[in-house]
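Heads up: the structure comes next, in structure tokens.
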Amino acid sequence: MQTRLLGADEGAIAAAARVINEGGLVAMPTETVYGLAADATNGVAVAGIFEAKGRPRFNPLIVHVADIAAARALGRFTQAAEKLAQAFWPGPLTLILRRQPDSPISELVTAGLPTLAIRVPAQPVAQALLAACGRPLAAPSANRSGHVSPTTAAHVEADLAGRIDMILDGGSCEVGIESTVIDVSGDGALVLRPGAISAAAAAGILADLAIAPAMAGQQEPDAPKSPGQLASHYAPNARLRLNVTTPEPGEAVLAFGPVVPPHCGPMINLSETGDLREAAAKLFAALRRLDAEGCRSIAVFPIPREGLGEAINDRLLRAAAPRP
Ligand code: TXA
Ligand code: MG
């Protein structure tokens, strides 16, 4: 299969919508990471997503819709869901809701669960594609299974060229880290995956927000509540050493902040000013670049756990976890 790489002008969006509506696969930019989109109501198209990614299992996927009205048609809103959606949509928040009994979403999207993950992306190209298709789009991150999430069209191309129909190039993703996943399908609200919206920001909207315990290394592989919690999910080839302050000579270094000792070997600073938003936006691209240097290990400087630092540390912990 030949993969067409297009800009994100009107003509490209119309072409992408035709591909989706005929059951094809299109990688689209979102504000978090690039997603690999297919018609969420077409089971065969959704199966194509798993095939293209080489996913070993049918993990449940996030359904992207244009607005809250479209989300209501698919999932049942609890009070907590309503408050979070009003506060953070459109934006990098995914809500787990009970699915409406008559929802047209393919069972493969939900992996047979009675719940559904829904998100309203803010990124203009994603919004334009949703409007042009007029249907919900299932989209996991547009990378080969087990690789780090793509934040540029070139990352998608490197992983999926020849395996999908089209890539819409909308530039670098603004946030650079996946959406926060919050389960609001029952009583209360539980953060399943830390992400672009910090738990503190969400707790500002919902006082009784609970956070699922960090799962890396402790997850029963057969019963993941949220497969994004599996250990070794975001894995470069190099071994990661975390919270390093004195890297070994020749090791690749992922630095953070203004104070960096002299180092001989490849080094990328996620943010010289210690800005966590800048660091999140650069994280996955930096891991890919350092990995491409072929070093056996990457030393990662300590990154504070506040705000977005929580999600950054979560992804790093997974990238460092022992491989299956
Ligand atoms: O930012 C993002 O969320 C990106 C962009 C493309 O939207 N998407 C993304 O998708 O990261 P993916 O497939 O890589 O991760 C989806 C996460 C997984 O952790 C999955 O387990 C969880 O959402 N999830 C999906 N449906 C679920 C459900 N019904 N119950 C619990 N977790 C669910
Ligand atoms: Mg992913």
Side-chain angles (χ1 to χ4, degrees), residues 26-38 40 46 49-50 52-65 74-76 88-99 103 105-123 125-127 129-130 136-151 155-156 159-160 168 170 173-186 189-197 212 215-216 219 223-235 280 284 311 314-315 318-319:
V26 174
M28 65 170 178
T30 82
E31 66 272 41
T32 57
V33 300
Y34 274 73
L36 181 56
V46 174
I49 292 179
F50 292 103
K53 283 181 64 93
R55 267 205 180 172
R57 259 200 304 263
F58 290 152
N59 298 335
L61 305 177
I62 297 172
V63 174
H64 299 69
V65 294
L74 303 178
R76 274 195 220 151
F88 298 112
W89 278 356
L93 171 71
T94 295
L95 294 177
I96 308 295
L97 305 171
R98 284 196 82 75
R99 57 184 288 176
S103 118
I105 300 297
S106 152
E107 288 285 335
L108 194 49
V109 170
T110 53
L113 295 171
T115 52
L116 185 66
I118 305 188
R119 168 159 121 75
V120 176
Q123 214 274 3
V125 178
Q127 274 289 341
L129 184 59
L130 283 164
L137 296 178
S141 51
N143 51 276
R144 291 293 289 264
S145 185
H147 289 193
V148 295
S149 294
T151 55
H155 295 161
V156 178
D159 266 21
L160 297 176
L168 287 177
C173 300
E174 201 183 319
V175 180
I177 204 156
E178 298 90 342
S179 62
T180 303
V181 178
I182 304 185
D183 187 343
V184 279
S185 62
L190 179 68
V191 179
L192 295 181
R193 179 176 76 176
I197 287 170
M215 291 294 192
Q219 181 77 43
K225 174 76 173 162
S226 184
Q229 296 174 335
L230 285 178
S232 183
H233 189 74
Y234 302 88
F284 290 131
D314 173 81
R315 301 303 185 274
R318 280 175 222 298

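For the numbers below, each heavy atom of this structure counts, side chains included, while hydrogens, waters and symmetry mates do not. Indexing begins at 1, ligand by ligand and atom by atom, following the structure's order. Residue numbers count from 1 along this sequence.
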Closest non-hydrogen atom pair between Ala27 and Ala142, with its separation | CB-CB, 4.2 Å
Which ligand 1 atoms does His64 reach within 4.0 Å, using its non-hydrogen atoms?
-> 5 (C), 6 (C), 7 (O)
Numbered atoms and elements of ligand 1 in range of Leu192, under 4.0 angstrom, heavy atoms = 31 (C), 32 (N)
Where the side chain of Arg98 meets the backbone of Pro114, is there a donor-acceptor pair that is under 3.5 Å apart?
-> no
Nitrogen or oxygen atoms of Arg119 and ligand 1 under 3.5 Å apart = yes
Ala38: what forms a side-chain contact (heavy atoms from CB on, under 4.5 Å) with it, not counting sequence neighbours?
-> Leu25, Ala45, Ile49
Is there a heavy atom in Ser141 that sits closer than 4.0 Å to ligand 1?
-> yes
Would you say Thr30 has any N or O atom under 3.5 Å from an N or O of ligand 1, going by distance alone?
-> no
Quick note on ligand 1: atoms under 4.0 Å from a heavy atom of Thr115 include exactly 28 (C), 29 (N), 30 (N)
The Mg ion (ligand 2) to nearest N/O/S of Ser141 less than 2.8 Å = yes
Take atom CD in Glu174; do more than 12 heavy atoms of anything else shown fall under 6.0 Å from it?
-> no
Main-chain N/O of Gly170 paired with Tyr34 side-chain donor or acceptor, under 3.5 Å | yes
Expected output: side-chain Thr30 to main-chain Thr32 donor-acceptor under 3.5 Å | yes
Start with the C-alpha distance between Arg99 and Ser185, add both sets of side-chain angles, then the distance that settles side-chain hydrogen bond (donor to acceptor under 3.5 Å, both in side chains), and finish with yes or no.
-> CA-CA 9 Å; Arg99 57 184 288 176; Ser185 62; over 6 Å; no
Which ligand 1 atoms, with their elements, are less than 4.0 angstrom from a heavy-atom of Ala117?
-> 25 (C), 26 (N), 27 (C)
Atom indices of ligand 1 within 4.0 angstrom of Val33 heavy atoms, with elements = 4 (C)
Check ligand 1 against Glu178 and write out every atom of the ligand that is under 4.0 Å from a heavy-atom position of the residue.
-> 1 (O), 2 (C), 11 (O)
Answer yes or no: does an N/O atom from Ser179 fall short of 3.5 Å to an N/O atom of ligand 1?
-> yes
Within a distance under 4.0 Å of any heavy atom of Pro140, pick out the atoms of ligand 1 and give their elements.
-> 10 (O), 12 (P), 13 (O)
Applying side-chain contact (heavy atoms from CB on, under 4.5 Å) to Val175 and not counting sequence neighbours gives Glu31, Ile177, Ala196
Arg144, CZ atom: more than 12 neighbouring heavy atoms under 6.0 Å | yes
Pull out every atom of ligand 1 sitting under 4.0 Å from any heavy atom of Thr32, numbered as shown with elements.
-> 1 (O), 2 (C), 4 (C), 5 (C)
